[in-house]
Protein chains: 2
Amino acid sequence: MAGSVRTTPDMDGCLRVDEALSRAFHILGKRWNALVLGSLRGGPAGFRELSRAIDGVSDSVLADRLAELTQNDLVRRSVDAGPPVSVSYALTERGEALMPALDEISAWAVKHLPPEPAASPSAG
Amino acid sequence: MAGSVRTTPDMDGCLRVDEALSRAFHILGKRWNALVLGSLRGGPAGFRELSRAIDGVSDSVLADRLAELTQNDLVRRSVDAGPPVSVSYALTERGEALMPALDEISAWAVKHLPPEPAASPSAG
DNA sequence: GTTGTTGCTTCGTTTTTCGAAGCCGCTATG
DNA sequence: CATAGCGGCTTCGAAAAACGAAGCAACAAC
């Protein structure tokens with residue numbers, strides 16, 4: 001049927017954002033969260049690996065995002081007691097469930113978002 | 001249909017986030033952008049209407065987001081010279097193209113994200 | 001004329017993010 | 001053992017973004 005989760009046109013007189021969308025973007029709306037999720041798409045990865053993959057995020061922020069994502073059960077932190085103890089992050093079921101959506105976003109960007117203004121394309 | 005836009009496992013030795021996803025979340029990753037887009041889902045809306053719909057965003061930030069979205073051609077600003085001049089914002093084609101993705105996110109949130117901890121349900 | 005509405009800007013304060021450095025354990029070198 | 005590097009995170013100070021309330025201009029209602 002129609003109205004599943006969209007906005008409510010006039011429930012009490014005024015528009016209202018979809019609460020679910022709001023919840024989702026309370027997480028995804030943070031500067032790097034979606035990117036770390038996307039990076040984990042190809043399988044588990046370590047902290048440094050993620051740090052290099054994302055390119056632009058600082059260690060402090062990455063640690064913060066990872067903690068938040070872990071707390072929200074989107075990512076799972078696994079410790080392998082080597083002896084050279086190593087940590088790896090992976091998507092949880094909840095996190096994996098988000099991948100199709102991230103895929104859509106990515107596809108949209110490919111189709112509708114320019115590769116970036118870059119420097120002068122005709123000059124130089 | 002192998003690798004379309006995902007991460008590149010080892011192109012030059014290390015993971016790399018999908019650039020398209022990165023571009024997309026350069027916009028969607030800002031605190032309210034996705035919400036204003038979602039609010040416009042049901043049709044054009046005015047500034048105040050949006051302001052009330054989103055609930056939590058301040059005028060200054062909303063104006064900023066709207067300008068950014070407009071600049072990115074996701075939203076279009078229309079001025080109707082009444083005489084009571086009125087302004088309305090609507091999704092552009094590019095913006096509308098994003099709706100299915102936002103839908104996915106929303107559906108995911110409904111299915112995988114709790115309605116929020118809220119106040120303590122059992123504790124005082 | 002006063003009050004209320006819409007659309008948006010400006011200013012000062014609080015929250016978030018950034019970026020580099022530091023600590024700890026293990027490995028490789030000398 | 002001392003030095004040097006890697007990986008995993010944390011701490012600190014600085015910059016950026018978001019907030020929140022007030023203000024300006026135009027229009028409608030009383």
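This structure is a prediction, so every number in the text was calculated from the model and none was measured.
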How many Å lie between [atom1] on [X] and [atom2] on [N], as a whole number?
X	N	atom1	atom2	answer
Arg48(B)	dA21(D)	CZ	C1'	12 Å
Asp64(B)	dA17(D)	CG	P	9 Å
Glu49(B)	dT6(C)	CD	P	9 Å
His26(A)	dA18(D)	NE2	P	14 Å
Glu68(B)	dA17(D)	CD	C1'	11 Å
Lys30(B)	dA17(D)	NZ	C1'	8 Å
Phe47(B)	dA26(D)	CZ	C1'	16 Å
Asp59(A)	dT10(D)	CG	C1'	10 Å

[X] [atom1] to [Y] [atom2] distance, which is reported to the nearest 0.5 Å:
X	Y	atom1	atom2	value
Leu37(A)	Ile27(A)	CG	CD1	8.5 Å
Asp103(B)	Arg41(B)	CG	CZ	4.5 Å
Asn33(B)	Arg31(B)	CG	CZ	12.0 Å

message: What's the closest nucleotide to the side chain of Ala63(A) if the choices are dG7(D), dT10(D), dT17(C)?
response: dT10(D)

field: Closest listed nucleotide, where the reference is the side chain of Arg65(B) and the choices are dG8(D), dA18(D), dT10(D)
entry: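 Nearest to the side chain of Arg65(B) among the choices is dA18(D).
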
query: For Gly56(A), which contact category applies under a 4.0 Å heavy-atom criterion: base, sugar-phosphate, or nothing?
result: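 Sugar-phosphate contact only.
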
- prompt: Using a cut-off of less than 4.0 Å, is there contact between a side-chain N or O of Trp32(B) and OP1 or OP2 of dC19(D)?
  reply: yes

query: Taking for each residue the nucleotide of DNA chain D bearing the nearest heavy atom, is the 5' side occupied by Arg31(A) or by Ser58(B)?
result: Arg31(A)

message: Applying side-chain contact (heavy atoms from CB on, under 4.5 Å) to Leu62(A) and Phe47(A), what does each step give before you reach the verdict?
response: CA-CA 8 Å; Leu62(A) 180 57; Phe47(A) 186 92; 4.0 Å; yes

- request: Check for a donor-acceptor pair, side chain of Ser39(B) on one end and backbone N or O of Leu50(B) on the other, with a separation under 3.5 Å.
  value: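 It does not hold such a pair.
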
query: Is the base of dG20(D) touched by the side chain of Ser60(B) through a donor-acceptor pair closer than 3.5 angstrom?
result: yes

